[in-house]
Amino acid sequence: MTNTVPAFWSPRIGALEPYVPGEQPRIENLVKLNTNENPYPPSPVAVEAIRRAAESGLERYPDPTSLALREAVARRHGLQVDQVFAGNGSDEVLAHAFFAFFQQAEPLLMPDVSYSFYKVYAQIYGIQCEVQPVDDGLRIDVDALAARARKGCGGIVIANPNAPTGIGLPLARIVQLLEACPQRVVLVDEAYVDFGGESALSLIPRHPNLLVVHTLSKSRALAGLRVGFACGQSHLIDGLVRVKDSFNSYPIDRLASAGAVASLDDEAWFRTTCDKIVDTREGLSLQLEDLGFDVLPSQANFVFARHPQRDAAELAALLRERAVLVRHFRQPRIAQYLRISVGTREQCMQLVQHLQDILAPT
Ligand SMILES: *Cc1c(COP(=O)(O)O)cnc(C)c1O
């Protein structure tokens, strides 16, 4: 990067520090455990629905209100349709939520260890942030966050289970945050909740300031389709719709709608794949501990682990030489951790075998 802003750029974009997604390299026989994708394919019913949707109607714009998809979400989660907003991946939903709710005079609160995209949205929309340190076990310090919120804030955003730690908070802790911040929105990003977390969706009727965001990218294996949604009382959804209709009227295309609806209605496929991933995660955690890693207790489809004797960046590089990709964040406090997505049992076995070789005394 240079310090000069290239010609034609608006002045502010030179100062942005964009999110860096995990790499998607074209390497053969890659064991890809770096972006928390589902190792299993999506529901075959969803794939068939996409195929059928491709066969007619693509010359027409899709439904700007994404009604069929919102109805499927409402059905699945026992909500009203007007309590659901859909977007092009939950990243877009999150961006709209930041624009709609967090441009306030007081700072937005978030933990210092969290999904790194939050700071990028804050930056692009000029939202001031204040981070609250997680504790020594990398757990979100809810008491400290709530105490800070009571002094006045522009809102709170957390991921639950948290990224990239995988640690989940019980519902009582979410209620504590909601009650500490009654004048502003508390956004709970539940991208990983289907792998064992407690969802805050049941709190929506009682809490007008709660917005819960979900994605079909992880537990429903549809990262390539780009569908996410937000749930909250209808006044929050109305705010999101205003932003959406000032940005892109058609975030959900016809193929995405068909695939997402079919996926949400295929409970059996969803259950089976999530259960397999949770089971593999527990086995992988134990195997990593046997290799000497400290492994945080995960309720997500990844584990966050460090080896007390080996540098995490070096381990990630050595694994990469062996065509095994894991994620390493060069960030304060977590620079010695590796985030390892839970793959198939076979992929996890390969990872463990390579780590055994790497860690073996020479
Ligand atoms: C993966 C992820 C998202 C983004 O999901 P998409 O729907 O694919 O945009 C959002 N939040 C967290 C915490 C994630 O890990």
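Everything numeric here is computed off the predicted structure, so don't read it as measured data. Each ligand, and each atom within it, is numbered from 1 in the order the structure gives.
- Near Gly89, meaning under 4.0 Å from one of its heavy atoms, ligand 1 places the atoms 7 (O), 9 (O).
- When hydrogens are left out, the protein atom nearest atom 15 (O) of ligand 1 is Tyr192 OH, 2.5 Å; that is the closest non-hydrogen contact.
- From the protein, the heavy atom lying nearest to atom 9 (O) of ligand 1 is Arg226 NH2, 2.7 Å.
- Contacts between Asp189 and ligand 1 below 4.0 angstrom, taking non-hydrogen atoms only, involve the side chain exclusively.
- Neither the backbone nor the side chain of Glu92 has a heavy atom within less than 4.0 Å of ligand 1.
- To the nearest 0.5 Å, the span separating CD on Glu179 from CZ on Arg150 amounts to 9.5 Å.
- The shortest N/O to N/O separation between Tyr115 and ligand 1 does not fall below 3.5 Å.
- Within the structure, ligand 1 lacks Gly228 among the residues with a heavy atom less than 4.0 angstrom away.
- Atom numbering of ligand 1 starts at 1 in the shown order; those under 4.0 Å from a heavy atom of Ser217 are 6 (P), 7 (O), 8 (O).
- A side chain to side chain contact (heavy atoms under 4.5 Å, CB included) with Gln350 is found for one member of Val31, Val324, Thr344 and no other, namely Val31.
- Closest approach of Asn34 and Glu23 over heavy atoms only: ND2-O, 2.9 Å.
- Note that CD of Glu106 and CD of Gln183 are 9.5 Å apart. Values are rounded to the nearest 0.5 Å.
- Ring geometry, Phe304 versus Tyr337: the interplanar angle falls under 30°, so the pair is classed parallel (tilted spans 30 to 60°).
- Using the six-membered ring where Trp is involved, Phe117 and Tyr19 have ring planes that are parallel, under 30° apart on the 30 and 60° scheme.
- Ranking protein heavy atoms by distance to atom 2 (C) of ligand 1, first place goes to Lys218 NZ, 2.5 Å.
- Taking the ring axis of Phe270 as reference, the NZ or CZ atom of Arg220 stays within 45° of it and closer than 6.0 Å to the ring centre.
- Cation-pi contact between Lys276 and Tyr40: present, with separation from the ring centre below 6.0 Å and deviation from the ring axis of at most 45°.
- Residue Phe117 places no heavy atom under 4.0 Å from ligand 1.
- Heavy atoms from both the backbone and the side chain of Ser90 come within less than 4.0 Å of ligand 1.
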